[in-house]
Each structure stands twice: as C-alpha cells, then as structure tokens.
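Note that ligands are numbered from 1 as they come in the structure, with each ligand's atoms numbered from 1 the same way. In this chain, residues are counted from 1 in sequence order. Please read all numbers here as calculations on a predicted model, not as lab measurements.
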Amino acid sequence: LNDVELTVRHRLGSYPVEFVPLAKAMARIEGPAFVVTDENVFAAWGHHIPQGWPVKNLAPGEEAKSLAMHGLILEWLADGKARRDSTVVAFGGGVVGDLAGFAAASYMRGVPLIQIPTSLLAQVDSSVGGKVGIDLPQGKNLAGAFYPPKAVYVPVEVLSTLPPRQFVNGMAEIWKYAFVLDPSLADEIVGLGRDSEEGPLKTVIGRCIRLKAAVVEEDEMDVSGRRAVLNFGHTVGHAIEVVTGYGPVLHGEAVSIGMVAEAVLGERLGVTDLGSAALVRASLRSAGLPIEFDFPGNLGGLMAAMSLDKKAGESGLGFSLLTRLGECKLVENVAPTEVEAALKCL
Ligand SMILES: NC(=O)c1ccc[n+]([C@@H]2O[C@H](COP(=O)([O-])OP(=O)(O)OC[C@H]3O[C@@H](n4cnc5c(N)ncnc54)[C@H](O)[C@@H]3O)[C@@H](O)[C@H]2O)c1
Ligand SMILES: [Zn+2]
C-alpha cells in the first residue's frame, strides 16, 4: 500500500485504496461533489474542501446514523440537484462513512461514493469492504447495504487531530487483525501512537487494510462465514454497546472487552488454545484499552442483546472464536448457559 495502490475486487468491479494526502485526495474528485462530514472533522480539516461544494456538517456521534438523518441527507442531495453521476464524499469517521455510504447507495438507486476516512478505526476497518448502513432504535446497523465505493483515499496526516481516546479505540480493531489473521502484526503495533511517524503508521494501517480486503474479497456478501472472522469480540462487544446505551463505551473499547470475554469463552468451550486469553488480555491492556466490565451486573441485558445478534440461531448464540492466535472460526449454536458461565467468571 506504501506508494503502490491496493485494488479491492467486488461483484461489480473493483476500487483502489490509496494513501493520499487530503489536499490531493480532494483535488482528484470530480466536483462539485456532495461532502458529508461532522463538526470535528470540519473544524480541523474542512478548509481542504473545495470552494462551492455542498457540505453536510453533522453533529458528531453515533446518533447521526439514524433513519431520520438518512432521510435528511437524501433530501439534501435532491435539494442540491444531485444527479446520477454526482459524487458523494464520506469525509469522516465510521459514522460518516456508514451514513453517507448508505445515502449514496440509495439516492437514485446509487451514485458514486468516495470514502475519505479520518479516524483510525475508519482507516483500518470501516472504509474498506462496502458495508454501509444506519442504526434503528431496535438495534445497531439494522438497515444498510453492500455498496462498494469508487475509491478509498486514506490521508494519514489527519490522525494528528484525532483525540487520543479515539486513537486507542481504533487500536482495538488493529489488535483484532493480529489476533484473528496475523500475529506477526503485533511487533509493529506495540508502541504505536497518534504521534508516531507516518512511516510506521502507514505500515500498520496498510497491513490492516490488506488483511481486511483479502477477507472481504473472499466473502463480499458475508454469507460463507469467512467474513465473520472480522467479528471476533463483536458479539459481546455489540451487547456491551447496547446495554450501556451507545456512547459511554466506544465501539473499539467494547470490542476490546468483548475479545477478552470471547477468548475466555473459547477456552472454556475447548475451541481456543489455552493461554490465548491471557495474551489477548495483556496485549489490549498494554495498548491502553479497557479489558474489564461488570458482566455479572449486566448479565440479563447482555444475554438479551446477544440473542438479537445476526449470528444467533434458533438454538443458541454465534461467535467468531479463536482456535489459536492467528486463526478464527465461526461457532454457532453456543448454549446461552455456557456463555453466562463464561461471563460470570470474568
Ligand atoms: N462499515 C463497516 O464495515 C464498519 C466497520 C467498523 C465500524 N463501523 C462503524 O463505524 C462507527 C465508528 O466509527 P468511528 O470510531 O470512526 O466513530 P466516529 O465516526 O464517531 O468518529 C469518532 C470521533 O472522532 C472524531 N474524528 C474523526 N476523525 C477525526 C480527525 N481526523 N480529527 C479530529 N476528530 C476526528 C469524530 O468527530 C468523532 O467524534 C460505528 O458506527 C460502527 O458501527 C462500520
Ligand atoms: Zn468493529
């Protein structure tokens, strides 16, 4: 990915993912494009948006990923006379990427989409792979589409203004790649911070993007079970987000706790090599990520939330569990009693 671009193939074609400084990325886009961003990103980097392009500047936060906001963006596009060939630019973190992406997927049944991810989480994860969508009051990401972008431009310099907690939050997904796909990534991650040089940052971000792209190319529509490896820590993680009401615990933080819990669960079930959970826990702690949660105090709510997970079936819950470090498999029909037992002893 350093200098050389990566191409992600999908059912309708392919798109490039490239490291491009923000100014250059904007200059490459045919205007006037419709830019969706949020107030934090706009305050720090909005001056790079070319004059005259319509900008939708959202209040930051997960609340923006709503049906109401989806509707407002579609109407904003219509009011701005966006045409079938008008480009929508998702300029922000994963919230903006998912929301603007879904608007691009649905306006006139699909207009060109460019992702310019600005958070670490969005750069290593959400901007690649074509999943876009919104939350419903009933649950997270309950409406959406598989809608590949025309291109993903990754400007690493914008990470310099990312709040430290948000940087650490993104580290959770980076550790996830190390745990489920490539343990050798760990050597590159240790010591990585927001103020690291661009070189090491690009090395890690690039490796994560390659890992995700390879999985997504194998299972674009999330049907074979391959793409589910990216869900390690997410069954428990999403449930933590639900019981805490989306916000107090950030996505990566919840996934961090979830990875520890699911490693312990895997060991209990005999799926995961013994000792893996201890390593997962130590790695995440060293990154400054949370690894503890009041599981016993939230057991009812967590179990209810997990039963609504996409991987849950008739007779039990579904988890992407480590077999050993660097390998993961989808385990379905896990008895809720087993899960409760694992969570209680954490
Ligand atoms: N589509 C996918 O495949 C996928 C994968 C993972 C996560 N997601 C979604 O992504 C969302 C989380 O993404 P996120 O963590 O990026 O959250 P986010 O978009 O809310 O961004 C986090 C915070 O950082 C701020 N920010 C972003 N870039 C900044 C910058 N360069 N400088 C200063 N501030 C900046 C934002 O304003 C926000 O306050 C969730 O909704 C999750 O469901 C989607
Ligand atoms: Zn995630």
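Screening Lys131, His238, Lys65, Lys310 for a side chain to side chain donor-acceptor pair (under 3.5 Å) involving Asn141 leaves a single residue, Lys65.
Judged by distance alone, the side chain of Asp219 and the main-chain N or O of Arg227 form a donor-acceptor pair under 3.5 Å. With Lys311 contributing its side chain and Phe319 its backbone, the two residues share no donor-acceptor pair below 3.5 Å.
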Dump the pairs for me: ligand 1 N or O, protein N or O, distance under 3.5 Å, to 0.1 Å.
residue	atom	partner	partner atom	Å
ligand 1	1 (N)	Asp98	OD1	2.9
ligand 1	1 (N)	Lys131	O	2.9
ligand 1	13 (O)	Gly94	N	3.2
ligand 1	16 (O)	Gly94	N	2.7
ligand 1	16 (O)	Ser119	OG	2.5
ligand 1	19 (O)	Gly94	N	3.1
ligand 1	19 (O)	Val95	N	3.0
ligand 1	28 (N)	Thr118	O	3.3
ligand 1	28 (N)	Thr118	OG1	2.8
ligand 1	31 (N)	Thr118	O	3.1
ligand 1	31 (N)	Val158	O	2.9
ligand 1	32 (N)	Thr161	O	3.4
ligand 1	32 (N)	Thr161	OG1	2.7
ligand 1	37 (O)	Asp38	OD1	3.1
ligand 1	37 (O)	Asp38	OD2	2.6
ligand 1	37 (O)	Asn40	ND2	2.9
ligand 1	39 (O)	Asn40	ND2	3.2
ligand 1	41 (O)	Glu62	OE1	2.6
ligand 1	41 (O)	Glu62	OE2	3.3
ligand 1	41 (O)	Lys65	NZ	2.9
ligand 1	43 (O)	Lys65	NZ	3.1
ligand 1	43 (O)	Lys140	NZ	2.8

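Rounded to 10 degrees, the NE2-metal-OE2 angle spanning His251 and Glu173 at the Zn ion (ligand 2) equals 90°.
When the side chains of ILVMFWY residues are joined at heavy-atom separations under 4.5 Å, either directly or via intervening members, Val35 and Val111 end up in two distinct hydrophobic clusters.
By the 30° and 60° cut-offs, the orientation of the rings of Phe293 relative to Phe295 is perpendicular.
Not a single N/O/S atom of Asp125, whether from backbone or side chain, sits less than 2.8 Å from the Zn ion (ligand 2).
The environment of CD in Glu39 is crowded: more than 12 heavy-atom neighbours from other residues, nucleotides or ligands sit within 6.0 Å.
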Go through the steps for His251 and Glu173 under the test side-chain hydrogen bond (donor to acceptor under 3.5 Å, both in side chains), then give the verdict. CA-CA 9 Å; His251 176 73; Glu173 302 282 8; 3.0 Å; yes

